[in-house]
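Lettering follows sequence order; numbering is per chain, from 1. Keep in mind the model is a prediction, meaning the values are calculated, not measured.
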Amino acid sequence: MSNERYNARDAEPRWQRRWDDEAIFATRNDDPRPKYYVLEMFPYPSGRIHMGHVRNYTMGDVVARYKRAKGFAVLHPMGWDAFGMPAENAAMANKVHPKSWTYANIETMKGQLKSMGLSLDWSREVATCDPSYYKHQQRMFLDFLKAGLVERKQSKVNWDPVDQTVLANEQVIDGRGWRSGALVEQRELTQWFFKISQYSDDLLAALDKLERWPDKVRTMQRNWIGRSEGLLIRFALDSATTPDGESEVKIFTTRPDTLFGAKFLALSPDHPLAQAAAKDNPKLKAFIEECRHTGTAREAIETAEKQGFDTGIKAAHPFDPDWKLPVYVANFVLMDYGTGAIFGCPAHDQRDLDFVNKYGLGNTPVVCPDGQDPATFTITDTAYDGDGRMINSRFLDGMTITEAKEDVAKRLEAATIGNAPVAERQVNFRLRDWGISRQRYWGCPIPVIHCETCGVVPVPVEDLPVQLPEDIAFDRPGNPLDRHPTWKHVACPQCGGKGRRETDTMDTFVDSSWYFVRFTDPWNETTPTTQSVADRFLPVDQYIGGIEHAILHLLYSRFFTRAMKATGHLDLDEPFAGLFTQGMVVHETYRRADGSYAAPAEVRIESDGERRRATLIATGEEVTIGSIEKMSKSKRNTVDPDDIIATYGADTARWFMLSDSPPDRDVIWSEENVQGASRFVQRVWRLVSAATPLLPEPGTAIDPAHAGARALRAAAHQALADVSNGIERLRFNTAIAKLYAFVGTLHETVDDPAKPLETDPAVAAAAREAFDILVKLIAPMMPHLAEECWAALGHRTLVSQAPWPEVEEALLVSDTVTLPVQINGKKKADVTVARNAPNPEIEAAVLALDAVKSALGGKPHRKIIVVPQRIVNVVA
RNA sequence: GCGGACGUGGCGGAACUGGUAGACGCAAGGGACUUAAAAUCCCUCGAUGGCAACGUCGUACGGGUUCGAGUCCCGUCGUCCGCACCA
């Protein structure tokens with residue numbers, strides 16, 4: 001065997017250069033073969049890539065290389081999600097311009113990605129901060145505006161006091177800004193909105209068709225969109241108790257069946273009627289103020305106590321004008337859902353029950369669970385929201401909930417107050433419009449001009465892009481665009497009068513909502529898309545990224561696809577046909593005695609057989625091995641991809657990323673397991689080096705009658721079938737397990753003391769085929785090693801361009817099968833029979849087995865179950 | 001609170017639509033080679049009983065369906081994730 005070690009540091013750059021020189025990963029838009037679009041979520045250019053990127057991009061690259069070998073015109077591009085806050089933070093902290101900071105980071109990270117050996121078409125690279133990209137985004141903004149998909153409105157917004165910007169609801173997590181972590185405040189501002197809610201129904205319904213999306217993500221989006229069917233009911237107000245000008249209140253309910261259990265109405269503190277009532281009621285006014293404050297603090301989780309204030313207003317029950325219900329203002333009623341008002345049925349809604357128990361309004365159960373006696377069924381602390389029959393509900397009594405809902409809806413639709421029906425059926429969504437205004441510099445400028453006479457005027461398309469000014473100061477927080485001395489002062493395109501540019505920029509989620517479209521023709525300077533090309537390559541066949549984008553990015557992209565279709569930029573229903581969410585890369589943490597963290601690179605791990613100990617390399621100080629956590633700077637448990645590639649090579653890193661865990665689960669980065677991957681790289685190289693001199697020319701005919709040759713071919717084709725299947729199903733860890741096993745088999749052949757490889761031409765010919773297959777199988781995962789082996793095996797082509805081998809199915813089935821034999825479901829023996837042996841023959845063979853005879857002890861069996869090709873079970 | 005996913009050796013995990021539980025990797029132990037170490041190669045490796053052939057138990061726990069259950073059903077416990085006053 002050769003002693004020469006495989007030198008990744010030498011081989012990897014060499015092959016990368018060759019791929020580059022021959023431009024083998026560039027995709028031609030006129031390639032006539034069937035297309036396959038594989039895409040990984042593009043990175044934010046934060047400075048350096050991290051292990052999460054390595055995992056994400058390795059998975060995508062395996063798919064890209066595999067599909068390319070399968071004969072597809074593969075589109076596999078990369079770009080940069082390059083606008084955003086960190087560039088401005090860096091500008092403030094280090095006096096670097098966001099642009100130079102961003103482009104320097106892109107340069108560094110591009111080099112890192114290249115060192116991973118990814119099969120990307122770099123000629124399609126885009127950066128969202130480049131005017132050549134955001135120009136088209138501005139164009140689409142104007143098109144959306146024209147199409148009625150953009151709106152400017154006053155709204156209560158989530159204000160992040162640290163980043164000094166507005167956040168979308170999706171960007172507020174537990175009441176805190178998703179990036180800054182600061183407690184979010186409520187403010188009234190005029191904002192630009194994309195009318196995503198216009199597509200609520202479609203965005204929801206189309207989820208059912210996204211069969212290649214994880215159920216988890218679809219469920220999350222379903223919940224986020226939050227469709228609920230119900231009834232909008234008008235309650236007439238008692239004029240004697242009601243402020244002038246008010247005569248009714250509208251409420252939304254999904255439980256009209258419980259109308260006879262109503263005890264009160266409740267308004268949101270922001271409800272117009274509440275405001276009106278507060279005018280002459282200082283106590284109510286004070287209460288509303290209080291609600292606002294606790295509302296903004298958002299500590300709702302622990303201080304969830306229901307509070308209300310009786311306005312004194314009385315509302316008439318829709319089925320009984322003499323039945324008056326008190327109208328409260330309550331802190332738990334949300335203004336921006338439904339109508340901002342509810343009716344409370346305490347017996348069947350926990351919130352309402354908590355409320356009446358506090359204010360002594362009582363409750364009447366109107367739904368009685370089956371098996372309970374309606375006469376004695378009572379509610380005290382726990383509302384009943386299950387199924388049952390209507391009680392205490394006059395004409396509804398005895399009906400099911402569904403029947404009662406229908407009956408109430410029909411009656412109230414037919415009834416009228418004034419000239420309008422009392423109620424109408426309504427569908428409500430939780431999803432609200434997407435506020436895209438950000439008070440930031442480093443984002444895509446919103447292309448409109450505010451004119452003193454004409455109002456809001458779109459920037460003419462021929463004036464695009466509205467470019468960001470480069471002379472900008474970051475000495476204060478807030479929006480530098482707004483403070484720029486000249487940039488915002490322009491003439492109105494309509495009247496030529498005094499105008500002012502919009503100084504808000506777009507949420508960076510806008511940038512990432514269509515980059516996958518732009519990749520199809522990034523060279524088009526005049527329009528955002530070239531429709532024929534976009535329609536050819538889209539949808540993305542396989543999209544891969546983190547679960548953290550399950551809602552925001554993916555929902556926005558789905559909206560954008562619809563909006564682009566509506567404005568004639570695309571003909572596409574859904575952007576991502578297949579979605580895969582990969583798990584995180586996690587690592588142990590190390591803590592010093594003083595509580596500070598130590599980095600993996602500073603620590604030496606030793607095992608004394610019983611347990612693992614960690615010491616600081618520099619001082620020998622013992623450190624505690626802590627829990628396994630997501631890699632993060634704060635826990636200092638990160639591993640730098642550059643270090644790993646320098647030490648082991650990209651192939652080892654790639655192989656490790658795929659091998660240890662199922663790709664949708666977290667993978668633990670462990671030094672021992674990386675070394676295992678590294679050993680495997682060397683093992684493959686040694687094996688190929690040892691075998692090569694003994695192998696005949698590629699394509700040498702193999703004697704089909706030779707048993708040894710056939711066995712070897714069977715192993716190769718089985719591995720081929722298994723690895724292909726693993727990649728197709730994105731089960732990379734199982735594909736890799738099969739490769740380990742296959743290499744083991746080849747090793748046995750090469751190491752066989754009988755030396756058939758040297759003496760038996762049939763075996764040698766089979767081995768030639770097997771080695772060629774092996775190298776093709778490892779190529780998607782370890783492309784550099786594969787190229788090196790491919791060349792060593794005497795090929796002059798690139799394995800990266802070689803076709804995927806075809807499975808010869810005939811090799812996978814043998815003439816005989818060995819079936820496990822069970823007695824009463826426990827395995828006791830094996831039986832080998834002809835593959836197509838009829839059942840009686842198999843039964844006879846089984847009953848003749850010693851193990852079966854002794855187990856039966858001379859008694860007759862009761863039954864034999866033969867599952868063809870699988871198993872035999874004898875029932876004693 | 002609501003919704004979802006999961007629970008298999010010392011560890012990561014495998015087991016297609018119910019059909020030989022623990023593939024493959026890591027760690028560990030033993031051996032070969034070596035002056036020695038590294039590297040490499042070979043063997044062992046769920047628990048338990050037995051000298052052994054072999055037996056018994058075993059996929060969080062308790063039931064059930066089935067010739068047969070890690071897989072399906074019911075219940076319990078635990079872990080993780082998402083949403084969180086959405087009427």
- Pairs counted as Watson-Crick or G-U wobble with both distances under 3.5 Å: what dot-bracket string results for RNA chain B, using | for bases tied to another strand? (((((((..(((......[....))).(((((.......))))).((((....))))..(((((..]....))))))))))))....
- Note on the structure: Reading nucleotides 17-24 of chain B from 5' to 3' and marking B where a protein heavy atom lies under 4.0 Å of the base, S where only the sugar-phosphate is that close, and - otherwise, the string is B-BB--BS
- Is A:D208 salt-bridged to A:R222, cutoff N-O under 4.0 Å? yes
- Note on the structure: Comparing A:K828 with A:R683, nearest RNA chain B nucleotide closer to 5' gives the residue A:R683
- Message: Working note: A:D349 + A:R255, criterion salt bridge (Lys or Arg N to Asp or Glu O under 4.0 Å); need CA distance, chi angles, decisive distance, verdict.
- Response: CA-CA 10 Å; A:D349 184 297; A:R255 292 297 301 274; over 6 Å; no
- Query: Is the A:H317 ring parallel, tilted or perpendicular to the A:F260 ring (thresholds 30°, 60°)?
  - Reply: parallel
Look for any protein N or O under 3.5 Å of an N or O in nucleotides 80-82 of chain B and output each such pair with its distance, or none.
{"residue": "B:C81", "atom": "O2'", "partner": "A:K216", "partner atom": "NZ", "Å": "3.1"}

- Item | Atom C1', compared across B:G22 and B:G70: separation rounded to whole Å | 11 Å
- Task: Have a look at A:S659 and say if it touches a base, only the backbone sugar-phosphate, or nothing, with a 4.0 Å heavy-atom cut-off.
- Result: nothing
- Message: I need the CD-P distance between A:E672 and B:A28, as an integer number of Å.
- Response: 8 Å
- Message: Do A:K306 and A:F332 form a cation-pi contact, if we require the NZ or CZ to be under 6.0 Å from the six-membered ring centre and within 45 degrees of the ring's axis?
- Response: yes
- Hey, would you say the A:Y648 and A:W655 ring centroids sit under 6.0 Å apart? no
- Task: Please report, rounded to the nearest Å, how far the P atom of B:A87 is from the CG atom of A:N428.
- Result: 8 Å
- Classify the angle between the aromatic ring planes of A:H553 and A:H549 as parallel (below 30°), tilted (30 to 60°) or perpendicular (above 60°). perpendicular
- Message: I'd like the P distance from B:G18 over to B:C73, given in whole Å.
- Response: 11 Å
